[in-house]
Amino acid sequence: MLKVFNTLTRQKEVFKSINPNVVNMYVCGPTVYNYIHIGNARSAIAFDTIRRYFEYKGYKVNYVSNFTDVDDKLIKAAKELNITVPEVADRFIEAFKEDTSAINIEPATVNPRATENIPEIIDFIKVLIEKGFAYESVGDVYYRARHFEHYGELSDQNIDELEVGASEHTDPAELEKKEDPIDFALWKAAKPEEISWESPWGAGRPGWHIECSVMSTKYLGDTIDIHGGGQDLEFPHHENEIAQTEAKTGQKFANYWLHNGFVTVGDANEKMSKSLGNFVTVHDIIKTVAPEVLRFFMATTQYRRPIQYTEANLADAANNLKRLETAYNNLNYRLKDAEAGNDPKVDQEVRQIQANFVDAMDDDFNAQNGIAQVYELAKLGNIYAENQRVDQGTIKMILEQLQAMVNVFGIVLKSEELKDDHIEALIQERLDARKNKDFARSDEIREQLKAQGIILEDTPQGTRWRREE
RNA sequence: GGCGGUAUAGCCAAGUGGUAAGGCAGAGGUCUGCAAAACCUUUAUCGUCGGUUCGAAUCCGAUUACCGCCUCCA
């Protein structure tokens, strides 16, 4: 039985979707004014892994994730790059797609953009004004937070104890337009020259939170199963989304709220963020780190835990992944001489490991325990592959299960078909030399190939080779 | 000031009452002509103090350190 940690209740709850076998989830996507950094990637990976596990369990997942394509930062970026806001957005949406594809994130069912939903946003705001939850003020529209009785429940905040300005990001001019400092903007009047849309309140653009409410309800309905995002979005972003949406629909917005932990960096263990400037972009890092290693590194840590981004940890991940690939290759190699049939005892062990894997992942997507089962399976496979006689059915079963499990983490194990006449000729020559106990020549050939990055491995089934990583 | 999170071996990291999963790195071994890969063995009393209990990493209280959010942020 799948349990998820629900931020709303701060405990693990049994997951039950609204419609059987379907999961509707909305995950807050990036503001597209820059390349995504590793922290953004973590969020994308966390929820992609969750999505993949639902799919592994047989659910159909409707996965909606937005692009925030207009806000202060885009306007600033457009100015700096001397291009328009939509051009900035297009450029970095394209980059986002390239980067997330590199780390094997499944494309979302829909990637709606804020600017493509302006009429819906305006209609949504109108309803909030009609219901008394919002008010216009000098061309801006604000949400009357105190009016929503559950305000603060997601993040356990008491309205009266919120310290205004604690984050040092408040705008004094904006405060003056609000009835109450905790109110937040639904619509912002355009400054001269700024990109804007016509509205009943004059030219302007949407506030940050409203787009998610609008697009989530538009594409997935008033009540969704899962709403996800980074922990930093818990307050105020998600709090505000709840306030807006529930005020409008009168329905519960999301049954389960899931929040992923941060990527921290450096000795201080600080959160990686664009504003701190301590970030590494995916665009850059995958030039030197294999994308699947980055993916493996992040996907195999439980999504709520912080991840410390260091070279050493990345190197560990690379070793771990290699171990799985080796096992996969070891098994594939034996497929050639395997005989028809199955080994019932081993098959049973595989099924047990699979069941353990499901148990682990059912516990709030406990990837560490999940991957531990994958290692168990790899070990079982390695041991089995050393048998003199192996059964084809069993080998295939282990291979399939390995692949299915790592697929949840967004990893695809590859078994390269190696073909090289020159190398094979040398291997043959070496075999002959060994037969004649000419070990000097034999070792010479191996050294020669090693210099070319080719590793030879002698097995009872013959000599095989691979490229050094 | 309010709210929340984390603290387990050299490193990463499981583990919510019964005597510390797993991986990496290290050491020893098996296999090998030698290797490689694999496999086997081996490495901790759980931030600190106190309490509850037959028994606690796990519950309670206190304390320390670090991190995050409080309307920029995944």
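Just so it is clear, the structure is predicted and the values come from calculations on it, not from any experiment. Just so you know, these numbers use all the heavy atoms, side chains as well, and skip hydrogens, waters and symmetry mates.
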Worksheet item: Heavy atoms under 4.0 Å, any strand shown: does A:Tyr375 hit a base, just sugar-phosphate, or nothing?
Response: sugar-phosphate
Fill in: Flag for A:Glu136-A:Trp187: side-chain donor and acceptor within less than 3.5 Å
no
Worksheet, complete the sentence: Mate of B:rU58 across any strand shown (Watson-Crick or G-U wobble, both atom pairs under 3.5 Å) is none
Item to complete: Please evaluate the base of B:rC72 for a donor-acceptor partner in the side chain of A:Lys73 within a cut-off of under 3.5 Å?
Response: yes
Worksheet item: Do A:Tyr26 and A:Asn66 have side-chain N/O donor and acceptor atoms under 3.5 Å apart?
Response: yes
Practice prompt. In whole angstrom, give me the gap between the C1' atoms of B:rU58 and B:rU16.
Written response: 5 Å
Item to complete: With P as the reference atom in both, quote the distance from B:rA20 to B:rU45 in angstrom, rounded to an integer.
Response: 11 Å
Response to the item:
Expected list for residues 457-466 of chain A near RNA chain B, using heavy atoms below 4.0 Å, is A:Glu457, A:Asp458, A:Arg466
Practice prompt. Quick one: look up who B:rA9 pairs with, Watson-Crick or G-U, both distances under 3.5 Å, and put none if it's unpaired.
Written response: none
Item to complete: Using Watson-Crick or G-U wobble geometry with both distances below 3.5 Å, tell me the partner of B:rC31, or none.
Response: none
Worksheet entry | Most 5' of A:Lys322 and A:Asn319 on RNA chain B, judged by nearest nucleotide | A:Asn319
Item to complete: Return yes if the base of B:rG33 and the side-chain atoms of A:Ser442 contain a donor-acceptor N/O pair under 3.5 Å, otherwise no.
Response: yes
Practice prompt. Would you please confirm or rule out a distance under 4.0 Å between OP1 or OP2 of B:rG33 and any side-chain N or O of A:Lys435?
Written response: no
Discussion item. Assess, by modelled atom type and distance only, whether the side chains of A:Gln308 and A:Asn313 contain a donor and an acceptor separated by less than 3.5 Å.
Written reply: no
Discussion item. Determine whether the aromatic ring centres of residues A:Phe184 and A:Tyr142 are separated by less than 6.0 angstrom.
Written reply: no
Worksheet, complete the sentence: Between A:Ala378 and A:Thr264, the residue closer to the 5' end of RNA chain B by nearest nucleotide is A:Ala378
Worksheet entry | Side-chain donor/acceptor contact of A:Lys271 with base of B:rC73 under 3.5 Å | yes
Worksheet entry | Check: A:Ser155 side chain, B:rC69 base, donor-acceptor under 3.5 Å | no
Worksheet entry | Distance-only side-chain donor-acceptor flag, A:Asn111 / A:Ser65, under 3.5 Å | no
Worksheet entry | Distance test, side-chain N/O of A:Asn382 to OP1/OP2 of B:rA38, below 4.0 Å | no
Worksheet item: Any chance the side chains of A:Asn356 and A:Gln352 put a donor and an acceptor closer than 3.5 Å?
Response: yes
Worksheet item: When you check every protein heavy atom under 4.0 Å of nucleotides 8-14 of chain B, what one-letter string (B, S, -) results, 5' to 3'?
Response: ---BSSS
Practice prompt. Quick one: pull up CG in A:Leu128 and CZ in A:Phe148 and give me the separation to the nearest 0.5 Å.
Written response: 10.5 Å
Worksheet item: For A:Tyr33, is the NZ or CZ atom of A:Lys76 found under 6.0 angstrom from the centre of its six-membered ring and inside 45 degrees of the ring axis?
Response: no
Discussion item. Any base atoms under 4.0 Å from A:Glu234, or only sugar-phosphate, or nothing? Heavy atoms, all strands.
Written reply: nothing
Fill in: Between A:Tyr35 and A:Asn40, a side-chain donor and acceptor under 3.5 Å
no
Discussion item. So, does A:Arg323 get its side chain near the phosphate of B:rA25, meaning an N or O under 4.0 Å from OP1 or OP2?
Written reply: no
Practice prompt. Name the nucleic acid region contacted by A:Thr326, choosing base, sugar-phosphate or nothing; use a 4.0 angstrom heavy-atom cut-off, strictly under.
Written response: sugar-phosphate
